[in-house]
Protein chains: 2
Amino acid sequence: MFDTLIRKLSQAGGLTEADHKTLRQVSLRSRQVPARRDLTSEEDRPENVHLVLSGFVCRYKILPKGQRHITALMVPGDFCDLHVAILDEMDHSIGTMTSCTVVEISRATIHDLTANHPRIAHALWWATLVDEAVLREWLVCLAGREASKRMAHLFCELLLRLSVVGLVKDDSYTVPFTQIDLADMLGLTPVHVNRVVQHLRSENLIVLRRHHVQIPDKARLMTYCDFIPNYLHRRPRVK
Amino acid sequence: MFDTLIRKLSQAGGLTEADHKTLRQVSLRSRQVPARRDLTSEEDRPENVHLVLSGFVCRYKILPKGQRHITALMVPGDFCDLHVAILDEMDHSIGTMTSCTVVEISRATIHDLTANHPRIAHALWWATLVDEAVLREWLVCLAGREASKRMAHLFCELLLRLSVVGLVKDDSYTVPFTQIDLADMLGLTPVHVNRVVQHLRSENLIVLRRHHVQIPDKARLMTYCDFIPNYLHRRPRVK
DNA sequence: CCGGTACTCTATCCTATGTTAGAGTGATGG
DNA sequence: CCATCACTCTAACATAGGATAGAGTACCGG
């Protein structure tokens, strides 16, 4: 499944066969990382960029009071920290949520890719911008939607993002989150997350049990939370 | 003051004299835009990227219920929408808050810059990543801080960002926001924004009157809202 | 100088979400 | 098989912030 990366970057359009080869080259050396471990932490100056091949990774910040906030989720095919190649210092940490397979790519390699492979450079650029678009949507969600729609929105987003990499079957998929993780993503307390989960269950909008998400009626769920997928910038399948 | 751009991009490090020349070339044709006008709107496929030379611009989304949320603020020296050069479709709008001077740069020019001027490409890359870092901080703020700290944090951020482009004098600066704008940025109601403004005033943390912000004690304000400026990725002045 | 418009401010009441605390439940390892 | 641990769920109470509605104030154009 090393082609996860290629499948993803192809969405940016216009990669050649040669580019594919280069990317395969780059993602040869993968490595297993256990769950709940930091890949890089704040104020590090790490030397490698990470790419997720399997598992879930999150980007988070710890506030002074010790409160953790998760600002992004990385699923297979996503880069964790392209920043590292450009900015000097991390302003947040990145940790695995599950046991993961990741590829480590050195800054040097990224610089080489961007300097000598214009199509790949473009695709990487594209990937960052999509990440930013997602971040923006999360911001809007937090600012303007009530808790239960926020959660519904998150599960809609994951449905689409995971299906791109083949991790959705029959509108259901597996996530590693505890309710505490959800709280840290949605800016809620665990207690309230629980209330919301109950509520969505009772409305039969989402069935969440033991790390497994089942969506009985996709369309209804999307309507419920005004989910508009344009921000994910998915491309039409073919092409 | 066309050098605003150069001053800003220089922070990414390593621009040569030739790069400066190229940038000056690019930002020659500027244009005046009145206040409260969209530069690009959602679902457009605009042909130009905008760079702010003077004035305030914001990036915003309108939720289905008509509620506006501002996800970013662009001040002189900032790009509004580098996305446009890469992504196909806007997922949000960009509008002026004041009358502004902007430079329009075509997609083609951006592509040329990134293909043929590696240091500039790097600097543009850098600028986007800083924007993303700011967005992330806004997210954390919304999720984890109470209203008054959120507002304090915003004014701390502006203090630093505006001082980079020489718009701060004696810890005070001018912003064009109404309390309604603030509400749209902070995810609050205008009524509550007013309460918070009163409160910060009464604590002598921020004096906000008629679009003018005065910060009596910078250090105290930063402590108050746990402001940690690392996310702005400012570089040491010289170099 | 007047009227309109847009913004600020106040007051009252209401609700979503936070807080604390503790009781269920299910997996895991020795 | 038991003890432990981590997670889920409940309940009672507290509060930050929302909603509505209207009065005060400043600015702007004619």
Side-chain angles (χ1 to χ4, degrees), chain A residues 34-37 56 63 65-70 95 97-99 141-154 174-203 206-213 224-225, chain B residues 34-37 56 63 65-70 95 97-99 141-154 174-203 206-213 224-225:
Chain A
R36 310 263 156 193
R37 179 148 320 181
F56 279 71
L63 292 187
K65 300 109 200 244
Q67 184 180 165
R68 174 179 72 153
H69 193 262
I70 296 178
M97 306 184 84
T98 60
S99 144
C141 248
L142 270 175
R145 283 186 242 254
E146 59 194 25
S148 56
K149 308 214 162 169
R150 232 134 85 195
M151 187 178 295
H153 196 276
L154 175 66
T174 300
V175 289
F177 323 140
T178 66
Q179 294 188 354
I180 295 172
D181 294 329
L182 284 171
D184 291 344
M185 280 180 246
L186 300 172
L188 301 170
T189 48
V191 173
H192 199 61
V193 165
N194 189 278
R195 290 196 268 248
V196 169
V197 169
Q198 313 285 351
H199 176 245
L200 293 177
R201 265 210 277 265
S202 79
E203 297 282 342
I206 289 173
V207 184
L208 173 64
R209 247 192 87 214
R210 309 256 204 96
H211 299 177
H212 202 263
V213 182
Y224 173 70
C225 62
Chain B
R36 312 265 155 190
R37 178 148 321 182
F56 279 71
L63 292 187
K65 300 109 200 239
Q67 183 181 166
R68 174 180 73 152
H69 193 263
I70 296 178
M97 307 185 82
T98 59
S99 143
C141 247
L142 269 175
R145 283 185 241 255
E146 57 194 27
S148 56
K149 307 211 164 174
R150 233 133 87 194
M151 187 179 293
H153 196 278
L154 175 66
T174 301
V175 289
F177 324 138
T178 67
Q179 294 187 355
I180 296 172
D181 294 329
L182 282 171
D184 291 344
M185 281 181 244
L186 300 172
L188 300 170
T189 47
V191 173
H192 200 60
V193 165
N194 189 276
R195 291 196 268 249
V196 168
V197 169
Q198 312 287 348
H199 176 244
L200 292 177
R201 264 211 275 266
S202 79
E203 297 281 341
I206 289 171
V207 184
L208 173 62
R209 249 193 83 214
R210 309 260 201 95
H211 300 177
H212 201 262
V213 182
Y224 173 72
C225 62

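Naming: A, B, ... by sequence-line order, numbering from 1 per chain.
- Annotation: the terminal axes of the helix from dC1(C)-dG30(D) to dG30(C)-dC1(D) meet at 50°, where each axis is the rotation carrying the C1' atoms of four end pairs onto the next four (5 pairs per end, rounded to 10°).
- Checked against Val193(A) for a side chain to side chain contact (heavy atoms under 4.5 Å, CB included), the options Val191(A), Val196(A), Val197(A) give a single hit: Val197(A).
- Listed by chain and number, the residues in a salt bridge (charged side-chain N to carboxylate O under 4.0 Å, His left out) with Arg201(A) amount to none (sequence neighbours excluded).
- Asp184(A) meets the salt bridge (charged side-chain N to carboxylate O under 4.0 Å, His left out) test with Arg68(A); sequence neighbours excluded.
- Residues that satisfy the side-chain hydrogen bond (donor to acceptor under 3.5 Å, both in side chains) test with Gln67(B), not counting sequence neighbours, are absent from this structure.
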Could you run down the sub-3.5 Å N/O contacts of the protein with nucleotides 24-30 of chain D?
{"from": "dC27(D)", "atom 1": "OP1", "to": "Arg210(B)", "atom 2": "NH1", "distance (Å)": "3.0"}

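- Atom CG of Leu186(A) and atom C1' of dG18(C) are 15 Å apart (whole Å).
- Of the two residues contacting DNA chain C, namely Glu146(A) and Arg36(B), the nearest-nucleotide position lying further toward the 5' end is that of Arg36(B).
- Nucleotide dG18(C) holds its C1' atom 16 Å from the CG atom of Leu142(A), rounded to whole Å.
- Applying the side chain to side chain contact (heavy atoms under 4.5 Å, CB included) criterion to Thr178(A), with sequence neighbours excluded, gives Arg36(A), Ile180(A), Asp181(A).
- Summarising the geometry, the separation between NE2 on His192(A) and P on dA11(D) is reported as 16 Å, rounded to the nearest angstrom.
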Write down the protein N/O and nucleotide N/O pairs, taken from nucleotides 8-11 of chain C, whose separation is under 3.5 Å; answer none if there are no such pairs.
{"from": "dT8(C)", "atom 1": "OP1", "to": "Gln179(B)", "atom 2": "N", "distance (Å)": "3.3"}
{"from": "dT8(C)", "atom 1": "OP2", "to": "Gln179(B)", "atom 2": "N", "distance (Å)": "2.9"}
{"from": "dC9(C)", "atom 1": "OP1", "to": "Arg201(B)", "atom 2": "NH2", "distance (Å)": "2.8"}
{"from": "dC9(C)", "atom 1": "OP2", "to": "Gln179(B)", "atom 2": "NE2", "distance (Å)": "2.7"}
{"from": "dC9(C)", "atom 1": "OP2", "to": "Asn194(B)", "atom 2": "ND2", "distance (Å)": "3.0"}
{"from": "dC9(C)", "atom 1": "OP2", "to": "Arg201(B)", "atom 2": "NH2", "distance (Å)": "3.4"}
{"from": "dC9(C)", "atom 1": "O5'", "to": "Asn194(B)", "atom 2": "ND2", "distance (Å)": "3.2"}
{"from": "dC9(C)", "atom 1": "O5'", "to": "Gln198(B)", "atom 2": "NE2", "distance (Å)": "3.4"}
{"from": "dT10(C)", "atom 1": "OP2", "to": "Gln198(B)", "atom 2": "NE2", "distance (Å)": "3.4"}

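- Arg37(B) meets the side-chain hydrogen bond (donor to acceptor under 3.5 Å, both in side chains) test with no other residue; sequence neighbours excluded.
- Cys225(A) pairs by the side chain to side chain contact (heavy atoms under 4.5 Å, CB included) definition with Lys149(A), Ala152(A), His153(A), Cys156(A), Phe227(A), not counting sequence neighbours.
- Taking the side-chain hydrogen bond (donor to acceptor under 3.5 Å, both in side chains) definition, one finds that Glu146(B) meets it with nothing, sequence neighbours left out.
- Between Phe56(B) and Phe177(B), the angle of the ring planes goes over 60°, which puts this pair in the perpendicular group of the 30/60° scheme.
- Between the CG atom of Asp184(A) and the P atom of dC7(D) there is a distance of 11 Å, rounded to whole Å.
- In this structure, the CG atom of Leu63(B) is 16 Å from the C1' atom of dG18(D), given to the nearest Å.
- Going from atom CG of Leu182(B) over to atom C1' of dG17(D) covers 16 Å, rounded to whole Å.
- Ser99(A) meets the side-chain hydrogen bond (donor to acceptor under 3.5 Å, both in side chains) test with Gln32(A); sequence neighbours excluded.
- For His69(B), the ring pair (Phe, Tyr, Trp, His ring centres under 6.0 Å) criterion is met by no residue, not counting sequence neighbours.
- Spacing between atom NE2 of His212(A) and atom C1' of dA27(C) amounts to 18 Å, rounded to whole angstrom units.
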